[in-house]
Amino acid sequence: MSISDTSLKSFNTFSLEVNAVKIITVDTVDQLVSAWSDAKLAGLPVLLLGEGSNVLFLEDFAGVVILNRIKGIAVIDEHDCWSVHVGAGENWHHLVRYTLDQQITGLENLAMIPGCVGSAPIQNIGAYGVELQSVCQYVDLLDLNTGIVKRIDSSECQFGYRESIFKHHYRDGYAIVAVGFRLNKKWNPVLTYGDLVKLDRKTVTAQQVFAAVCAMRSSKLPDPRVTGNAGSFFKNPIVEAEKARSIKESYPKAPFFEQPDGSVKLAAGWLIDQCELKGFRIGGAAVHQQQALVLINVDNATSRDIRALARHVRVQVAEKFAIWLEPEVRFISSHGEVNAVEALS
Ligand code: FAD
Ligand code: EPU
């Protein structure tokens, strides 16, 4: 366990200059429980963080930030699959590379997603046609008040698009400490999205899918080590078929993703782009030129700049398309998470 200075700049990928009362790094479940109990005894709020790649700090955090760095990757070679048990504090992209290096396939479409393994089930991370839920077997969840770790089977996680039970019922007072994966030995490449459709299913390897995903991501998404950002700022909106039809009539080329229940997922980046907001700037915050769904910190942005920009984007999209975008990024106030839609209203 170690205690850092109080700056959160390197623990949020927007690189905002914000502080906490204390920042504690934990490597074990016991340390996590003890850091939590100490903070509670001191009457301080607690925020668990992985790598801070999906948070917007609205102001300084008036409490203790606990960085989960519980490590370990254990692989069991089963008859038809590999079972992989991973500590929540492992870096996600490191896990993807590690498995591929061991000839274990299945995570390649999810390459280069920033953050920790323990954060991945929370919004059911997804990219290039694959979501975490298709490879997740279980999540080990620590009840911070009792110190008991309970195993939640994937079928109980209520996974959905950028959704899970960890954003709701298991949000407060719980920490994810490990995630279990089931990766099938019979590889079934997912080549449905973007440039992956150009690959030949008969000859393609998982390494090639990994390389193609990394190339696509690098061409559109800013590297947070260079330009502060938190990936997609908003979720893609899911609208009723009728609404989608009316947009399609005016914009035949609008990207559409039909859902099993008949609703349609639209591309928020495309909607923002249609409002001609690429490059639009408020203070030090701007809409990314290569991907309008990403808001960036171009020049010492404050959280006020990013919030003002997000508000502007939301209003412009609502005026043009009558759709109110909802943030994907989690908004953190001085005492903990707040409702992001309300914070922008
Ligand atoms: P944090 O930002 O540290 O935390 C996120 C939330 O989880 C917070 O509310 C935090 O309190 C909570 N939390 C963190 N750790 C724990 C824990 N152990 N137990 C309980 N609660 C916890 N996401 C995608 O789905 N697909 C993408 O393609 C994608 N691309 C991205 C690209 C870029 C450039 C960036 C910056 C982000 C991208 N994201 C993407 C979003 C982000 O990578 C994911 O949401 C990631 O899972 C966040 O991990 P983290 O460790 O940084 O979480
Ligand atoms: N588009 C535009 N202009 C833009 C941005 C996008 O016209 O400025 C169009 C694209 O041409 C494409 C469509 O919108 O037709 C979708 O764009 P893209 O493929 O870049 O994906 P996205 O829907 O914007 C989602 C995820 C990403 C994930 C990618 C790849 C959400 C909110 N975002 O983005 O996840 O990496 O698909 O699968 O679902 C994240 O969650 O942080 C994230 C980066």
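Just follow the structure's listing: the first ligand is 1, and inside any ligand the first atom is 1.
Of the N or O atoms in Y174, none lie within a sub-3.5 Å distance of an N or O in ligand 1. The shortest N or O to N or O distance between G118 and ligand 1 is not under 3.5 Å. Between Q123 and ligand 2, no N or O atom pair is found at a separation short of 3.5 Å. Note: an N/O pair closer than 3.5 Å links G50 and ligand 1 by distance alone. Taking distance alone, with nitrogen or oxygen atoms compared against 3.5 Å, S119 approaches ligand 1 more closely than that limit. The distance criterion of under 3.5 Å between nitrogen or oxygen atoms is not met by T13 with respect to ligand 1.
Remark: distances from the non-hydrogen atoms of S232 to ligand 1 are all 4.0 Å or more. In this structure, R171 has no heavy atom closer than 4.0 Å to ligand 1.
Relative ring orientation between Y193 and F257 is described as parallel, the plane-to-plane angle staying below 30° on a 0-90° scale split at 30° and 60°.
Less than 4.0 angstrom separates some heavy atom of L49 from each of these atoms of ligand 1: 3 (O). Atoms of ligand 1 lying under 4.0 Å from any heavy atom of R162, numbered from 1 in the order shown and given with element: 24 (C), 25 (O), 26 (N). Residue G115 approaches ligand 1 through these ligand atoms, each under 4.0 Å from one of its heavy atoms: 49 (O), 50 (P), 51 (O), 52 (O). The atoms of ligand 1 that sit less than 4.0 Å from any heavy atom of A127 are 28 (O).
Side chains of R330 and Q123 form no contact here, defined as non-hydrogen atoms less than 4.5 Å apart.
Nearest to atom 8 (C) of ligand 1 by heavy atom, out of D223, I66, V55, V130, is V55. Counting heavy atoms only, R162 comes closest to atom 27 (C) of ligand 2 of the residues R162, E131, Q289, R217. Counting only non-hydrogen atoms, the option in E51, Q123, H93, E131 that gets closest to atom 23 (N) of ligand 1 is Q123. Taking only non-hydrogen atoms, the option from W270, Y161, Y193, F233 nearest to atom 18 (P) of ligand 2 is Y193.
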Would you sort out whether W187 and V209 count as a side-chain contact (heavy atoms from CB on, under 4.5 Å), showing the intermediate values?
CA-CA 12 Å; W187 185 47; V209 174; 4.0 Å; yes
